[in-house]
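Keep in mind that this is a model prediction, so the values were computed, not measured.
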Amino acid sequence: GQVEENSNLLHPIVKDGKWGYINNQGKIVIEPQFDMARDFHDGLALVTKYGATYADDRYGYIDETGKLVIEQRIPSTSRDFTDEFTSRYRFSEGLAVIPSEYKLENNFNRVEKTACLDKTGKTLFELDTNHRVRSVFSDGLLLVEVREPGSDFEPLENVSRANVKYGYVDRTGKFVIEPKYSLAKPFSEGLAAVTIGGQQNGSYKINDGYIDKTGKVVIEPQFDNALRFSEGLAAVMDSSDKWKYIDQTGKVVVTPEDLSISGGGEFHDGIAVVRSNTGYSLIDKSGKSPFPSAFKPTDKSLFSGGLMLVSDLGGKFQIIDKEGEIVATPDFSSAGKDITVGEFRGGVARVLSKDNRDLSVGYVNKKGEWIWKITK
């Protein structure tokens, strides 16, 4: 998603087992009172109050004063702060899509319907049980997975691919691009990667290409894998398992100097994180790494506001700029710890530390100073 540089952005913290929010000076603005709290998007944040069981958990949305503006109506599916599924419930482009009707089975609520809400909590449309939301709204469209009836509650790996198709609905819930793709990704910069099957050299071949918001194919299906566009470029993998970056005409414009990379990330501030057999590294739009090999990003790393948190070979973290210069050295290390760092958002970067099931959250500013320190 887009990185928010709003200096007034609030950040979730945990204190004495309860979650609240601080500003970018580290001052508590919303007192810790929730059992789980997540990032603000579009001025609203998702919070959780636990019940006696998972089925009794409830979500709701608060504004930046801490007021509950959309009542807690969503049964929880996870108690994990970093849960990717829950992040689909966040607001984007003024809308959020959440579970709205349930069926209790084995003490768990299975989703029967999902509803699209505006920021007042008004339901704009609903999708039934065989429609699964796979993204937030982006470029005005929502990626939806459609399953054949009877396979709606089955894990995806147990469902025949012929019974699952992907399409896109608009803000009224109408399919503007019919569900006909084997796989698909959200729109970004006006294009979306979709998987299209067809005859090739006498046999059926599945390839990835790109469509525009009318559903027209603008980059022919030719890739074994294709990712989202960012800063006008998208990472694609060809039939020889080599990753490159194309522009919006489909032309290859960035070829990584190290052709052994096994995954390409999105560009932010002109820098992308790529994966290889030896870990993660950084490249610029020439395909080369302008940084010393001692700098080690993670799969969550990205430049924001011209800065990034990386670690050295010993696990010590540094804040670097786009020239590879160290601008600050925070006093923490990943050595012997499960540490995850995020991008700079609202002027601060989050540091997560996991110890078994215990999660500690801290934040550093662009000078490398703790504004909220990890307590464990």
Can you tell me if [X] uses its side chain to pair, donor with acceptor, with the backbone of [Y] under 3.5 Å?
X: Ser353; Y: Ile339; result: no
X: Gln25; Y: Asn23; result: no
X: Ser92; Y: Phe137; result: yes
X: Asp321; Y: Glu323; result: yes
X: Ser182; Y: Ile196; result: no
X: Lys185; Y: Ala226; result: yes
X: Lys366; Y: Val327; result: no
X: Gln318; Y: Thr329; result: no

Hey, are the side chains of [X] and [Y] touching, using non-hydrogen atoms and a 4.5 Å cut-off?
X: Leu117; Y: Phe125; value: no
X: Lys213; Y: Asp139; value: yes
X: Pro12; Y: Arg350; value: yes
X: Lys113; Y: Pro99; value: no
X: Leu95; Y: Arg171; value: yes
X: Val169; Y: Leu141; value: no
X: Met308; Y: Ile319; value: no
X: Tyr59; Y: Ile98; value: no

### Task
Let me see the working for Tyr21 and Phe40 under ring pair (Phe, Tyr, Trp, His ring centres under 6.0 Å), right down to the final yes or no.
CA-CA 10 Å; Tyr21 291 86; Phe40 274 90; 4.9 Å; yes
Do you know the tightest heavy-atom contact between [X] and [Y]?
X: Pro179; Y: Val146; value: CB-CG2, 3.8 Å
X: Thr48; Y: Arg38; value: OG1-NH1, 3.4 Å
X: Gly264; Y: Ala235; value: O-CB, 3.7 Å
X: Val133; Y: Ser135; value: CG1-O, 3.1 Å
X: Val364; Y: Pro330; value: CG1-CB, 4.4 Å
X: Asp269; Y: Phe303; value: CB-CB, 3.7 Å

### Pair Glu266-Leu227, side-chain contact (heavy atoms from CB on, under 4.5 Å): steps then yes or no
CA-CA 8 Å; Glu266 297 179 2; Leu227 305 182; over 6 Å; no
[Y] and [X] side chains, donor-acceptor separation under 3.5 Å:
X: Asp208; Y: Thr195; result: yes
X: Trp370; Y: Asp331; result: yes
X: Thr114; Y: Glu126; result: no

### Message
Determine whether Tyr245 and Phe267 satisfy the following criterion, ring pair (Phe, Tyr, Trp, His ring centres under 6.0 Å), listing intermediate values before the conclusion.
### Response
CA-CA 10 Å; Tyr245 287 85; Phe267 276 96; 4.8 Å; yes
### Query
Is it true that Leu44 and Val136 fall in one hydrophobic cluster, defined by side-chain heavy atoms closer than 4.5 Å?
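No, Leu44 does not connect to Val136 through the hydrophobic network.
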Euclidean distance, [Y] [atom2] relative to [X] [atom1], rounded to 0.5 Å:
X: Ile211; Y: Tyr168; atom1: CD1; atom2: OH; result: 5.0 Å
X: Ile13; Y: Ser360; atom1: CD1; atom2: OG; result: 11.5 Å
X: Leu307; Y: Lys367; atom1: CG; atom2: NZ; result: 12.5 Å
X: Leu10; Y: Ile28; atom1: CG; atom2: CD1; result: 12.0 Å
X: Leu127; Y: Glu145; atom1: CG; atom2: CD; result: 12.0 Å
X: Ile177; Y: Thr214; atom1: CD1; atom2: OG1; result: 7.0 Å

#### Entry: Worked check of ring pair (Phe, Tyr, Trp, His ring centres under 6.0 Å) between His11 and Tyr363
CA-CA 9 Å; His11 309 277; Tyr363 293 89; 5.2 Å; yes
### Task
Decide side-chain contact (heavy atoms from CB on, under 4.5 Å) for Lys18 and Asp16; before the verdict, give the C-alpha distance in whole Å, the side-chain angles of both, and the deciding distance to 0.1 Å.
CA-CA 6 Å; Lys18 293 294 183 180; Asp16 299 327; 6.0 Å; no
### Message
Does anything in residues 270-285 form a salt bridge (Lys or Arg N to Asp or Glu O under 4.0 Å)? List the pairs, not counting sequence neighbours.
### Response
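Output for this query lists Glu231-Lys285.
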### Task
Could you check Trp243 against Asn225 for side-chain contact (heavy atoms from CB on, under 4.5 Å), going step by step and ending with a plain yes or no?
CA-CA 9 Å; Trp243 284 88; Asn225 200 352; 3.7 Å; yes
### Message
Run the ring pair (Phe, Tyr, Trp, His ring centres under 6.0 Å) test on Tyr61 and Phe91 for me, step by step, so that the C-alpha distance in whole Å, both residues' side-chain angles and the decisive distance to 0.1 Å come before the verdict.
### Response
CA-CA 9 Å; Tyr61 295 90; Phe91 271 85; 5.0 Å; yes
### Query
What's the verdict on salt bridge (charged side-chain N to carboxylate O under 4.0 Å, His left out) for Arg90 and Asp42, showing C-alpha distance, side-chain angles and the deciding distance?
CA-CA 9 Å; Arg90 71 176 174 84; Asp42 281 3; over 6 Å; no
### For Val218, the rest of its hydrophobic cluster, which grows through side-chain links under 4.5 angstrom
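Members alongside Val218: Leu191, Tyr210, Ile219, Phe223, Phe229, Val236, Ile246, Val252.
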### Query
After noting the C-alpha distance and the side-chain angles of Ile271 and Ile283, does the key distance pass the side-chain contact (heavy atoms from CB on, under 4.5 Å) rule?
CA-CA 6 Å; Ile271 306 294; Ile283 62 169; over 6 Å; no
